[in-house]
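Scroll down for the structure; my scribbles are underneath it.
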Amino acid sequence: MAFEPILTRNIRHPEVLSVDGYRATGGYQALAKAYEMEPGEVIDQVKASGLRGRGGAGFPAGVKWGFIPKETGKPVYLVANADESEPGTFKDRLLMEKDPHQLIEGCAICCYAVGAHVTYIYIRGEYAEAARILEEAIADAYAAGILGEDSLGSGYRQEVYVHRGAGAYICGEETGMLESLEGKRGQPRVKPPFPALVGAFDCPTVINNVETLCNVPHIIQRGAEWYASIGTDERNTGPKLYCMSGHVERPGTYELPIGTTFSGLLETAGGMWRDGELKAFIPGGASAAILSAEHADIPMDFDNLAEAGSMLGSAAVIVMDQTTCLVKATARLAKFFAHESCGQCTPCREGTRWAEMTLYRIAEGQGTMADIDLLDRMMKNMSGTALCALADACVGPVASLVKNFRHELEACVEQNGSPYPERRYFSAEGAD
Amino acid sequence: MSGNGSGRLPAAIVDELARLAERYPTREALLLPALSMAQKHWGGWLPEEAIEAVAEHLELAPAKVYGVVTFYDLFHQRPVGRHRIRVCTNLPCQLRGADEILEALGDALGVGEDEVTPDGRCSYIHFECLGSCDTAPMMMVDEEYHENLTPESTRRLLEELD
Ligand SMILES: Cc1cc2nc3c(=O)[nH]c(=O)nc-3n(C[C@H](O)[C@H](O)[C@H](O)COP(=O)(O)O)c2cc1C
Ligand code: SF4
Ligand code: FES
């Protein structure tokens with residue numbers, strides 16, 4: 001039985017950019033249905049669905065909503081994480097540009113469930129087009145009485161605002177994002193207190209990824225049981241957007257049941273590009289451990305990937321063929337983390353820079369065998385010693401290079417540089 | 001110290017900030033939107049004058065505003081070209097030839113990264129993932145994405161810029 005897309009069902013129907021067009025597909029019925037339920041029932045449904053966060057950490061969404069305290073006298077906020085800066089990830093942009101009302105509806109249902117009246121959609125500054133489309137959809141939703149003082153005649157107030165970032169990966173980390181929203185440098189906070197108690201503007205706050213929130217209307221509309229029937233098992237449920245990039249024939253966003261195997265995904269995306277041979281893949285964005293082709297049959301869900309020593313992360317699947325020098329590829333990722341470290345913690349600030357320098361040195365033939373061991377030790381020292389998960393994100397690919405592909409590092413040392421010739425993608429002038 | 005009467009921020013920005021102020025419980029939260037608007041007004045970068053105008057209007061210490069400006073990659077403290085080009089060179093784009101796009105750009109413009117062409121038309125830098133890896137290699141020109149680039153299409157694109 002072919003899987004029917006759920007979150008991306010509307011992406012080829014530009015009519016849904018308007019409220020009327022979205023309503024014609026059944027849109028905003030879930031919100032109306034939610035208003036008939038008690039907020040606690042909505043949370044219970046989301047808990048029962050098994051929905052886990054799609055932003056990277058996989059925390060159960062309903063459980064997170066349940067942490068929001070009641071009657072503190074303070075406002076509650078929802079911050080939708082639309083920072084999407086994990087290298088390899090482009091699914092949230094698609095969701096916002098092609099079906100903005102789905103996100104708005106998900107935000108509104110979440111707000112009702114946790115007692116919030118204000119959503120900030122924190123979107124990375126580079127996403128100008130998505131921000132524009134969202135602004136228009138929001139204005140349309142206000143005009144149609146879906147947002148505003150009396151949402152859908154329920155008496156519930158709903159405000160949704162777009163807040164644009166200014167270019168910093170660390171603002172995707174939830175407390176870095178809160179700092180940034182408040183007009184500060186996006187430096188992650190010490191936790192606890194957790195945002196559920198002390199979040200935006202010192203008030204209780206839910207932070208969820210765009211894709212996570214887009215699942216919510218479908219759970220409310222079609223029921224938790226239906227939702228939980230999709231996927232590998234009760235801990236890995238629902239549809240998942242996989243971002244296929246690198247050496248695949250048809251890069252793009254593919255919506256499939258969570259737990260689809262890597263080889264199944266690769267086949268859906270047309271196989272290897274230019275008939276290359278699979279060498280390695282990164283299953284969950286730049287922060288995930290690199291896996292070799294031997295793992296091709298792995299189900300791409302939270303638990304199976306964790307068991308294999310990697311992670312689902314943002315489900316950004318970066319595919320590499322036999323021409324790829326993994327030392328150089330990893331060096332590029334380390335360079336990214338060094339650039340994005342906010343600099344607050346010494347192990348992260350120094351460790352990311354060291355990893356970048358050491359990897360490039362090895363790739364360029366200036367490295368020694370001792371450098372390889374040094375890398376390994378450095379990653380062990382960085383792991384779990386910093387304020388936020390960025391340090392561990394750098395450890396992900398770098399430690400996996402040492403562990404799973406040590407021979408590539410050794411070859412660079414022995415042969416005084418990378419044995420892989422610089423690949424020219426555009427061979428003749430103007431070709432391909 | 002009302003912050004409004006300074007007259008140094010253009011009226012359009014002051015008005016827009018007044019409209020946005022209703023969205024946030026603090027005035028400080030207006031800082032990123034204010035800096036983005038100021039940068040647009042001041043030709044794509046934030047000279048001292050712009051930073052001080054924003055600081056005064058939002059009643060924030062200039063040092064604090066400088067701290068924020070230096071933190072974010074989209075704010076510039078040096079003059080930039082009339083068109084700002086950001087080429088993604090992160091891994092997924094690199095696996096589809098991004099380095100050759102950067103090379104072609106440098107050759108065609110005849111300046112180094114972060115330098116402005118003598119006619120003031122362009123400046124370019126390499127950038128981290130822009131969330132468009134399925135159409136790699138790609139770059140951003142001002143606010144617009146250009147995708148599935150080749151060295152040839154990159155050169156053509158440059159010729160078409162005013
Ligand atoms: C360095 C770093 C960057 C992150 N970037 C993002 C991001 O771009 N988008 C996102 O949704 N979550 C990102 N996260 C995860 C968030 O901190 C947070 O877990 C997530 O937004 C929670 O939403 P979810 O439970 O719906 O996944 C990042 C985390 C770290 C440590
Ligand atoms: S781990 Fe790195 S990015 Fe995170 S707070 Fe510390 S220095 Fe900043
Ligand atoms: S790596 Fe270039 S857009 Fe993502």
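Letters A, B, ... mirror the listed sequences (proteins, then strands); counts begin at 1. Keep in mind the model is a prediction, meaning the values are calculated, not measured.
In this structure, the side chains of B:Leu91 and A:Lys335 stay at 4.5 Å or more apart for every pair of heavy atoms. Between A:Glu182 and B:Glu28, the closest side-chain pair of non-hydrogen atoms is not below 4.5 Å. Counting only heavy atoms from C-beta outward, the side chains of B:Asn90 and A:Arg332 approach each other to under 4.5 Å. Side-chain contact between A:Tyr77 and B:Pro25 is present, with at least one heavy-atom pair separated by less than 4.5 Å. At least one side-chain heavy atom of A:Cys342 sits under 4.5 Å from a side-chain heavy atom of B:Phe71.
Smallest separation of non-hydrogen atoms from B:Lys64 and A:Gly183: NZ-O, 2.9 Å. The minimum heavy-atom distance linking B:Gly131 with A:Tyr127 is given by the pair CA-OH, 3.4 Å. When every heavy atom of B:Leu149 is checked against every heavy atom of A:Phe426, the shortest pair comes out as O-CZ, 3.5 Å.
There is no contact between A:Val160 and chain B, counting heavy-atom distances below 4.5 Å. Looking at A:Cys171, the atoms closer than 4.5 Å to chain B (heavy atoms on both sides) all sit in the side chain, from C-beta outward. For A:Gln187, the parts lying under 4.5 angstrom from a heavy atom of chain B are both the backbone and the side chain. With a 4.5 angstrom heavy-atom cutoff, A:Ile318 touches chain B only via side-chain atoms. When heavy atoms are compared at a cutoff of 4.5 Å, B:Ser153 does not approach chain A at all. For A:Leu94, no part lies near chain B; criterion is any non-hydrogen pair under 4.5 Å. When heavy atoms are compared at a cutoff of 4.5 Å, A:Phe201 approaches chain B solely by way of its side chain, counted from C-beta outward. Proximity to chain B (any heavy atom under 4.5 Å) is shown, for A:Ser180, by both the backbone and the side chain.
Per-residue heavy-atom pair counts under 4.5 Å with chain A were compared for B:Val65, B:Val68, B:Leu130, B:Leu60, and the maximum is reached by B:Leu130. Interface remark: of the candidates A:Ala168, A:Pro87, A:Ala128, A:Pro87 forms the most heavy-atom pairs closer than 4.5 Å to chain B. Contacts with chain B were tallied for A:His339, A:Glu129, A:Arg423; A:His339 has the most, counting heavy-atom pairs under 4.5 Å. Between chain B and the residues A:Arg164, A:Glu84, A:Lys91, A:Arg250, the largest count of heavy-atom pairs under 4.5 Å involves A:Arg164. Among B:Thr26, B:Asn148, B:Thr89, the residue with the largest count of heavy-atom pairs under 4.5 Å with chain A is B:Thr89. With chain A as the partner, the residue from B:Gly97, B:Ala136, B:Ser132 showing the most heavy-atom pairs under 4.5 Å is B:Gly97. Between chain A and the options B:Glu143, B:Met140, B:Arg23, heavy-atom pairs under 4.5 Å are most frequent for B:Arg23. Looking only at heavy-atom pairs under 4.5 Å with chain A, the residue among B:Leu32, B:Val69, B:Leu31, B:Leu20 that has the most is B:Leu32.
Enclosure of atom NZ in A:Lys98 is not indicated, since only 12 or fewer non-hydrogen atoms of other residues, nucleotides or ligands lie within 6.0 angstrom.
Residues A:Ser245 and B:Arg96 have side chains that never bring a donor and an acceptor to within less than 3.5 angstrom of each other.
Here CD of B:Gln94 is found 7.5 Å from OH of A:Tyr425. Values are rounded to the nearest 0.5 Å. How far SG of B:Cys88 is from CD of A:Glu126: 10.5 Å, rounded to the nearest 0.5 Å. Residue B:Cys133 holds its SG atom at 10.0 Å from CD of A:Glu86, rounded to the nearest 0.5 Å. In this structure, A:Glu159 CD and B:Glu22 CD are separated by 9.5 Å, a value rounded to the nearest 0.5 Å. Atom-to-atom distance recorded for B:Leu30:CG and A:His163:NE2 is 8.5 Å, nearest 0.5 angstrom. Atoms OH and CZ, from B:Tyr145 and A:Arg93 in turn, are 5.5 Å apart once rounded to the nearest 0.5 Å.
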Margin query: Run the salt bridge (Lys or Arg N to Asp or Glu O under 4.0 Å) test on B:Glu128 and A:Arg124 for me, step by step, so that the C-alpha distance in whole Å, both residues' side-chain angles and the decisive distance to 0.1 Å come before the verdict.
Written below: CA-CA 13 Å; B:Glu128 299 300 351; A:Arg124 64 181 297 187; over 6 Å; no
Next item on the list: Output, in order, the C-alpha distance, side-chain angles, deciding distance and verdict of side chain to side chain contact (heavy atoms under 4.5 Å, CB included) for A:Tyr169 and B:Cys129.
Entry: CA-CA 9 Å; A:Tyr169 169 64; B:Cys129 177; over 6 Å; no
Check: Under the side chain to side chain contact (heavy atoms under 4.5 Å, CB included) criterion, do B:Thr70 and A:Arg185 qualify, and how do the steps go?
Finding: CA-CA 9 Å; B:Thr70 53; A:Arg185 295 162 69 91; 3.5 Å; yes
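Each of A:Asp321, A:Thr324, A:Val319 was scored for a side chain to side chain contact (heavy atoms under 4.5 Å, CB included) with B:Leu95, with one residue passing: A:Thr324.
Between A:Tyr161 and B:Tyr24, the ring-plane angle classifies as tilted under the 30° and 60° cut-offs.
Interface with chain A: from residues 99-123 of chain B, residues B:Glu100, B:Ile101, B:Glu103 qualify, criterion being any non-hydrogen pair under 4.5 Å. Contact annotation for residues 34-52 of chain B against chain A (heavy-atom separation below 4.5 Å): no residues qualify.
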